[in-house]
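The chains referred to below are lettered A, B, ... by the order of the sequence lines, with proteins before strands, and numbering in each begins at 1. The model shown is predicted, which means the values in this text are computed figures rather than measured ones.
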Amino acid sequence: MVIAKAGMDGHDRGAKVVARVLRDAGFEVIYTGLYQTPESIVATALQEDADAVGISVLSAAHKHVFSETAREMRQQGLDDVILFGGGIIPPGDVEWLEQQGVRRLFLPGTSGPEIVAWLQQAVSAQRASGSGG
Amino acid sequence: MASAGQGPSERKPAFTNSSGFEIKRLYSGDDVASLDYLRDLGFPGEFPYTRGPQATMYRGRPWTIRMFSGFGSAADTNRRYRYLLDQGQTGLSVAFHLPTLLGYDSDHPRARGEVGKCGVAIDSLADMETLLDGIRLDEVSTSMTINATAIVALCLYVAVAEKQGIPAHKLRGTIQNDILKEYIAQKEWAFPVRPSLRLVVDTFEWCASNMPEWNTISVSGYHIREAGATAAQELAFTLIDGLTYVQEGVNRGLKVDEFVPRLSFFWDLHNDFFEEIAKMRAARRIWAREMKRRYDPRDPRSCTLRAHMQTAGVTLTAQQPLNNVVRVALQALAGVIGGGQSMHTNSYDETYALPTEQAVTVALRTQQILQSETGLTDTIDPFAGSYYVEALTNQMEEAFSRYLERIDAMGGMVKAIEAGFPQMEIADAAMRYQAAIDNREQLIVGVNAYQAEGADAIPILEIDDSLEAEQVARLEQLRARRAPGWRHALEAVRKAAFGGANLVPPILEAVHAYATVGEIMDTLRDVFGEYHDPGYY
Amino acid sequence: MEGPEEHSSLAALLDRALAGDGRSAARLMTLLESDVDATPAIMSRIYPLAGHAQVIGVTGPPGAGKSSLVDKLAAAFRAQGKTVGIVAVDPSSPFTGGALLGDRIRMQGRFSDPGVFIRSMASRGQPGGLAKASQNVVALMAATGKDTVIIETVGVGQEEIDVVRVADTTVVVLVPGLGDAVQTMKAGLLEAADVFAVNKADYEGAERLVKDLELMLHLGSSGSAWSPPIVKTIATEGSGVDQLVGSLAGHFDYLQGSGEYLKRRRRAAVAEIDGVLRGQLMSAIARRVPAFDVYASQVAERKCDPYTAADRILRESGLTAEGLG
């Protein structure tokens with residue numbers, strides 16, 4: 001599980017809280033820190049052999065960050081890695097981002113257990129669909 | 001008082017607020033027995049200023065409604081400012097986009113996707129001239145929310161004024177300039193802590209002799225609280241930051257009364273009504289007492305804490321967004337009773353995007369209703385003498401003292417930041433708050449209580465993505481046509497950075513020569529190095 | 001479990017990883033961490049190829065600035081044109097099975113450099129297992145062509161010393177102001193140190209720490225030809241890193257010039273075989289002797305002593321006809 005904070009803003013509260021919630025739920029979480037780019041996020045996901053990548057964006061650069069990350073992941077053959085995220089994201093953009101390959105976006109007010117439950121389900125479904133590992 | 005163990009049962013075994021103070025069933029005279037009116041409260045406008053920084057408070061003039069806004073190009077924002085000024089507003093508030101805040105030009109790779117999104121794109125004096133075109137800078141007061149690059153923004157503003165023929169000493173306004181809270185909470189930094197502090201003191205020093213009406217810093221608890229701090233942590237870390245700035249100025253050789261009266265503060269207004277009121281009252285008293293104890297200044301304004309306020313963005317929910325209108329109103333109410341000097345109210349749609357004009361209008365009207373319809377502005381500090389509020393105010397002061405002692409033991413705030421102490425305290429508090437919501441100890445309407453299926457349909461602001469290319473093109477044109485003097489000016493900035501000279505004059509020269517924000521900041525980064533996320537979590 | 005398909009896919013994974021595919025290498029690392037059955041096949045393929053890298057261990061107490069220092073070391077090696085592997089090991093994760101690994105935060109400069117491969121590792125609950133798994137990941141980094149492999153771990157206990165034992169050169173990072181770090185330092189850690197880095201050298205107490213270390217090294221000098229140098233660094237600013245790189249090179253030269261390198265390799269080989277053998281023996285015994293737990297209870301209740309129990313277990317396992325006696 002890779003949790004990354006992208007965009008130029010420094011609002012890392014959400015990313016850190018999610019990282020801790022996932023750890024407490026039994027996930028091994030790699031937290032990358034601030035100011036990640038699509039390239040650095042995908043390099044991390046690849047090297048850490050992540051099942052899923054979660055990105056937090058609050059700077060309104062979400063369209064750029066998520067779509068570029070999804071594109072870079074496909075290019076590197078990480079099609080089977082789950083891409084999800086959260087932040088300040090208008091509903092109209094959510095749909096567009098899901099078309100770009102983002103599996104799920106969590107908006108402000110999401111509870112920890114909701115994210116954990118969704119991820120557990122998504123990871124086990126991904127593993128069952130049999131992509132080695 | 002009688003023990004709470006007997007009698008009818010209560011909803012919970014213990015009641016606490018965000019700061020971890022246990023709240024009693026009932027407060028009485030026993031809880032404030034040690035309170036001495038003149039020593040601990042005093043009169044408004046008099047030491048220790050618990051009841052307010054001015055003698056007449058809102059009876060003289062209500063708080064200033066100061067709505068922070070801006071996005072897009074300098075020309076877009078300029079049109080908005082001129083409209084607002086035509087409507088009778090006398091203050092401007094500038095939100096810069098993130099690349100400017102971090103000191104990168106719009107064509108830097110890191111700026112991709114960010115240009116003009118969360119504020120206005122300012123790359124050089126040319127953009128600043130467009131932003132302020134047709135506005136007489138001696139007739140407005142301007143607030144600029146910028147920190148790591150504050151010294152450059154200040155110079156840009158002064159340069160525009162000079163081109164209008166207005167000397168710096170006639171300018172009024174505020175620059176946020178609070179770099180310590182960036183390391184603690186907002187994380188939008190550029191250089192390591194110590195050179196950053198030097199830049200802050202350079203602006204103190206230069207403004208003390210050149211811009212006497214300019215507020216040189218807004219020491220901010222807002223971002224600390226939004227990052228997850230409790231009210232007591234917000235209070236303590238912010239005041240200790242303020243005391244650190246004062247000492248840095250004194251170390252430079254400035255006299256307290258030369259620069260401390262221009263310091264201002266910035267509080268978050270969160271959900272717990274009484275806690276927020278107590279926090280703001282305690283802040284004034286602590287500041288007055290600490291300043292007196294440490295420096296015994298002659299100018300009473302050096303002991304007076306003036307505060308801007310903003311409702312808590314972090315309390316807004318994406319679920320049932322119209323409920324946010326109510327949250328904002330209640331938070332603003334606490335701020336008014338707490339006695340702040342200016343306020344921004346958030347818009348109900350901000351969990352989705354920057355606010356629409358309609359949402360901003362509701363937020364603005366909220367303040368106008370409080371000023372016009374509620375009687376709140378007719379008397380001063382109406383909760384003084386409340387057993388509960390006075391007891392809470394005392395507890396806030398005690399919590400401050402405990403943090404001050406711990407941070408002093410670490411060798412001061414800079415050392416504490418380098419060791420990650422406030423950062424980790426805040427991360428722990430954020431985690432506790434989330435856990436309280438997840439296990440329903442803390443109910444949030446629409447989130448873990450009274451949920452409703454489906455989302456309320458509200459209009460959302462769309463931002464045009466084409467701005468980035470336009471801004472980059474403008475920047476390229478500027479670089480192609482400016483006179484070559486900018487290189488020499490940057491060399492002067494580098495020399496001053498290496499030496500100890502005040503950096504405002506050479507940066508002012510550099511912006512006049514149309515060196516860009518990114519170029520000036522790169523020059524300083526070369527000398528000072530960069531700060532990297534130390535990753536306390 | 002190990003159908004022919006499984007085998008061939010593992011072989012293909014190995015082929016791709018050794019041909020330079022990072023994704024496949026990362027997959028293999030996951031297997032080395034979590035799949036005991038796949039480990040021997042992976043190791044038999046990569047081990048012969050893993051001899052070329054210089055392996056550097058970095059350890060020290062929490063908050064010493066190890067990750068920042070590793071970041072700066074990696075940058076220095078990259079500037080020499082070397083490729084770098086980094087294995088960041090955190091044995092401190094709690095019992096829930098979850099872990100939160102943040103070493104990458106301090107290695108921001110390396111993320112987008114294709115010449116650097118960073119892997120984070122947490123303990124997955126099996127004591128001692130982490131040391132073995134991380135050694136194997138180091139070998140894989142070396143086999144896939146990294147010129148320098150840095151293995152970093154937090155802490156100063158036995159487990160951490162085991163983690164860095166695979167290194168040719170071990171750097172122990174200390175900082176002023178962590179109490180009487182030197183006095184309370186584990187003897188094993190001191191022995192493990194080939195180079196000391198006194199980080200945050202601009203802090204109060206740095207000089208005293210250096211003096212204390214010098215005194216202790218003087219007192220404890222074992223007549224060895226190598227006396228660990230003490231390098232002062234400020235990792236966040238990169239100062240002292242060049243000297244540190246110089247000391248590392250000096251130690252590597254010493255190892256090779258003095259024949260110590262081969263001696264160390266041999267000692268490490270014995271330890272590696274020992275570790276694998278113990279693991280295999282124990283799992284074989286666990287498979288063959290279902291009554292193991294019964295013996296454990298008897299020993300616990302002092303109805304039997306551990307020597308007698310071990311003897312009986314060994315007989316019962318059939319691994320030897322007459323015990324080891």
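Within the 4.5 angstrom heavy-atom criterion, no atom of A/Thr32 approaches chain B. Using a 4.5 Å cut-off between heavy atoms, A/Val65 makes no contact with chain B at all. With a threshold of 4.5 angstrom between heavy atoms, B/Val115 does not approach chain A through any atom at all. Looking at B/Glu226, only its backbone comes within 4.5 Å of chain A, counting heavy atoms on both sides. For B/Pro99, the parts lying under 4.5 angstrom from a heavy atom of chain A are both the backbone and the side chain.
Although no hydrogens or angles enter the test, the distance criterion places a donor-acceptor pair under 3.5 Å between the side chain of B/Gln319 and the main chain of A/Gly109.
Contact between A/Leu107 and B/Ala318 at its shortest, heavy atoms only, is CB-CB, 4.0 Å.
Under a cut-off of 6.0 angstrom, the local environment of CD in A/Glu95 is sparse, with at most 12 non-hydrogen atoms contributed by other residues, nucleotides or ligands.
The residue among B/Asn448, B/Val314, B/Ile426, B/Leu461 with the most heavy atom pairs within less than 4.5 Å of chain A is B/Val314. For the set A/His64, A/Lys63, A/Glu114, the entry with the most heavy-atom pairs within less than 4.5 Å of chain B is A/His64. Contact count against chain B (heavy-atom pairs under 4.5 Å) is highest for A/Pro108 among A/Pro113, A/Pro108, A/Gly92, A/Ser111.
A/Tyr35 is not listed as a side-chain neighbour of B/His532, based on a closest heavy-atom distance of 4.5 Å or more. A/Leu34 places a side-chain heavy atom less than 4.5 Å from the side chain of B/Trp189.
Between the OG atom in A/Ser59 and the CD atom in B/Glu188 there is a gap of 9.5 Å [rounded to 0.5 Å]. A distance of 12.0 Å separates CD1 in A/Ile89 from CD1 in B/Ile460, rounded to the nearest 0.5 Å.
Contacts of residues 431-442 of chain B with chain A at a heavy-atom distance below 4.5 Å involve B/Met431, B/Tyr433, B/Gln434, B/Asp438, listed in sequence order. Of all residues spanning residues 2-13 of chain A, those with a heavy atom less than 4.5 Å away from chain B's heavy atoms are A/Gly7, A/Met8, A/Asp9, A/Gly10, A/His11, A/Asp12, A/Arg13, arranged by number.
A salt bridge does not link B/Asp428 with A/Lys16: none of the charged nitrogens is closer than 4.0 Å to a carboxylate oxygen.
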